[in-house]
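Each chain gets a letter, A, B and so on, in the order the sequences are listed, and its residues count up from 1. These numbers come from a predicted model, not from an experiment.
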There are 2 protein chains.
Amino acid sequence: MFSKSCKYGIKATLYIAQKSQHDERVSLKEIADAINSPIAFTAKILQILAKATIINSTKGPNGGFEIDKVQLSKISIHQIVEAIDGNRLFDGCVLGLNSCNAKEPCPMHSEFVIIRKQLSETLATSNLLDVALDLNLGLTVLKR
Amino acid sequence: MFSKSCKYGIKATLYIAQKSQHDERVSLKEIADAINSPIAFTAKILQILAKATIINSTKGPNGGFEIDKVQLSKISIHQIVEAIDGNRLFDGCVLGLNSCNAKEPCPMHSEFVIIRKQLSETLATSNLLDVALDLNLGLTVLKR
DNA sequence: TTTATTTCGGACAAAATTATCTTAATATAA
DNA sequence: TTATATTAAGATAATTTTGTCCGAAATAAA
């Protein structure tokens with residue numbers, strides 16, 4: 001479903017979100033520890049997310065990553081997926097045809113209209129604040 | 001969503017299904033042509049499908065691939081996906097955690113319960129005969 | 001201003017996936 | 001029986017994705 005990069009990206013963003021809620025800026029190392037990911041590779045993904053203005057990065061001592069607290073409820077998982085994996089999951093033909101639409105569909109097209117709508121909506125209506133709250137309560141986890 | 005191998009596998013099986021409906025056995029080359037796939041790589045995928053007894057293969061002159069006509073309505077796309085990509089799409093944690101379930105869920109777990117149920121059911125209730133009929137009517141296509 | 005800390009960016013490396021090539025095995029028909 | 005057509009299987013190669021390393025840039029503090 002999601003690439004490995006994207007999974008790391010989502011988990012990293014959620015961890016940053018959780019900490020940002022309490023005004024804590026977190027370092028690359030702390031993030032990689034928290035989500036059990038390779039540190040240097042995680043750095044690359046965080047760069048992508050920073051360029052997409054989903055997270056903020058600060059260099060230097062006490063630098064690290066954070067998300068504007070008031071933005072938490074306005075950022076969706078959909079945005080993260082788009083930034084890292086692009087939108088072929090939402091747009092592209094399930095069977096990989098170059099073009100595929102209602103008029104000239106692949107054999108799976110119609111079956112996937114509903115599934116993708118649900119997927120897209122679920123990801124679009126999710127938001128970092130809600131997810132961070134569950135993390136705080138220990139209802140969900142980011143590694144294991 | 002699906003690996004490239006899996007997409008080839010689905011398309012190849014659907015093409016074989018369509019031809020098998022009319023008692024036509026098809027060659028590797030014909031399949032690769034019909035679905036616009038690399039021929040040798042397609043051969044590998046067909047081997048997997050043959051071992052999974054989803055398709056039948058015959059060597060020698062006039063050999064090729066076919067599916068028992070009476071089985072067409074009993075084979076689902078779900079079976080093809082399982083044979084090629086395994087069932088991590090249906091089972092595995094969306095965020096890649098080693099274990100993830102209702103008791104100790106990842107932050108996306110509950111959101112994906114519905115999506116995956118729908119995905120799994122859609123694929124499980126599909127069958128080769130129905131899809132082949134649409135292909136026959138020209139309502140759907142396998143390449144472009 | 002110098003030093004320490006941290007992310008950024010580019011080059012490089014490893015692993016996984018996708019793709020090809022060659023030979024073997026099998027079946028058909030002449 | 002021999003030649004031919006076809007898939008099977010194994011080795012190899014190319015590409016993409018994932019992962020590492022190192023120096024540069026930026027920032028803060030001494």
*Asks:* Just how far, in rounded Å, is P of C/dT18 from NZ of B/K11?
*Replies:*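 Distance, rounded to whole Å: 12 Å.
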
*Asks:* Charged N to carboxylate O below 4.0 Å: is that the case for A/K19 and A/E66?
*Replies:*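 Judged by the 4.0 Å cut-off on N to carboxylate O distance, A/K19 and A/E66 do not form a salt bridge.
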
*Asks:* So, taking the atom named CD in B/E24 and the one named CZ in B/F65, what distance separates them when rounded to the nearest 0.5 Å?
*Replies:*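 If I round to the nearest 0.5 Å, the distance is 16.0 Å.
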
*Asks:* Rounded at 0.5 Å granularity, tell me how far CG in A/L119 sits from CD1 in B/I115.
*Replies:*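 Those atoms lie 5.0 Å apart.
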
*Asks:* Out of curiosity, A/I48 CD1 to A/I54 CD1, how far, rounded to the nearest 0.5 Å?
*Replies:* 10.0 Å

*Asks:* In this structure, how many angstroms lie between the P atom of C/dT18 and the CD1 atom of B/I48, rounded?
*Replies:* 10 Å

*Asks:* Do A/V131 and B/M108 have side-chain heavy atoms sitting under 4.5 Å apart?
*Replies:* yes

*Asks:* CD of B/E104 to OG of B/S99: how many Å apart, nearest 0.5 Å?
*Replies:* 6.5 Å

*Asks:* Starting at atom CD1 of A/I31, determine the distance to atom P of C/dT7, rounded to an integer number of angstrom.
*Replies:*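 From A/I31 CD1 to C/dT7 P: 8 Å.
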
*Asks:* Whole angstroms only, please: what is the CG-P distance between A/N56 and D/dA26?
*Replies:* 18 Å

*Asks:* Is there a side-chain contact between A/L46 and A/I55, using heavy atoms and a 4.5 Å cut-off?
*Replies:*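 A/L46 reaches A/I55 side chain to side chain.
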
*Asks:* Using a heavy-atom cut-off of 4.0 Å across all strands, would you classify A/K51 as base, sugar-phosphate, or nothing?
*Replies:*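 Sugar-phosphate: the residue A/K51, judged by heavy atoms under 4.0 Å, touches backbone atoms but no base.
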
*Asks:* Please list residues of residues 84-92 of chain A whose heavy atoms come under 4.0 Å from any atom in DNA chain D, ordered by number; otherwise none.
*Replies:* none

*Asks:* Check whether any side-chain nitrogen or oxygen of A/Q47 sits under 4.0 Å from OP1 or OP2 of C/dG9, and answer yes or no.
*Replies:* yes

*Asks:* Are any of the side-chain heavy atoms of A/L14 and A/I10 separated by less than 4.5 Å?
*Replies:* yes

*Asks:* For residues 44-55 of chain B, which residue pairs qualify under salt bridge (Lys or Arg N to Asp or Glu O under 4.0 Å), counting only residues two or more places apart or in two chains?
*Replies:* none

*Asks:* For the helix from C/dT1-D/dA30 to C/dA30-D/dT1, figure out the bend between the end axes, five pairs an end, and round to 10 degrees.
*Replies:* 0°

*Asks:* Report the distance from atom OG1 of A/T13 to atom CD of A/Q18, rounding to the nearest 0.5 Å.
*Replies:* 13.0 Å

*Asks:* Once you round to the nearest 0.5 Å, how far does OG1 of A/T122 lie from CZ of B/F112?
*Replies:*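 Reported value, rounded in 0.5 Å steps: 7.0 Å.
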
*Asks:* Please tabulate the protein-to-nucleotide N/O contacts below 3.5 Å involving nucleotides 26-30 of chain C, giving atom names and distances.
*Replies:*
none

*Asks:* Counting only pairs under 3.5 Å, give me each side-chain donor-acceptor contact of residues 74-87 of chain A, with atom names and distances, residues two or more places apart or in other chains.
*Replies:*
| unit_1 | atom_1 | unit_2 | atom_2 | d |
| --- | --- | --- | --- | --- |
| A/S76 | OG | A/H78 | N | 3.4 |
| A/S76 | OG | A/Q79 | N | 3.3 |
| A/H78 | NE2 | A/S120 | OG | 3.4 |
| A/Q79 | OE1 | A/S76 | N | 2.9 |
| A/D85 | OD1 | A/S3 | OG | 2.6 |
| A/D85 | OD2 | A/S3 | N | 3.0 |
| A/D85 | OD2 | A/S3 | OG | 3.4 |
| A/N87 | ND2 | A/D91 | OD2 | 3.3 |

*Asks:* Below 3.5 Å between N/O atoms, which protein atoms pair up with nucleotides 18-22 of chain D? Just atom names and distances, please.
*Replies:*
| unit_1 | atom_1 | unit_2 | atom_2 | d |
| --- | --- | --- | --- | --- |
| D/dT18 | OP1 | A/K4 | N | 3.0 |
| D/dT18 | OP2 | A/S5 | OG | 3.1 |
| D/dG19 | OP1 | A/K4 | NZ | 3.2 |
| D/dG19 | OP1 | A/Y8 | OH | 3.2 |
| D/dG19 | OP2 | A/Y8 | OH | 3.2 |

*Asks:* Please report, rounded to the nearest Å, how far the P atom of D/dA8 is from the CG atom of B/L46.
*Replies:* 8 Å

*Asks:* Is the shortest heavy-atom distance from the side chain of B/L129 to the side chain of B/Q21 under 4.5 Å?
*Replies:* yes

*Asks:* If I take atom CD1 in residue B/I35 and atom P in nucleotide C/dT18, what distance separates them, rounded to the nearest angstrom?
*Replies:*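 To the nearest whole Å, that distance equals 14 Å.
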
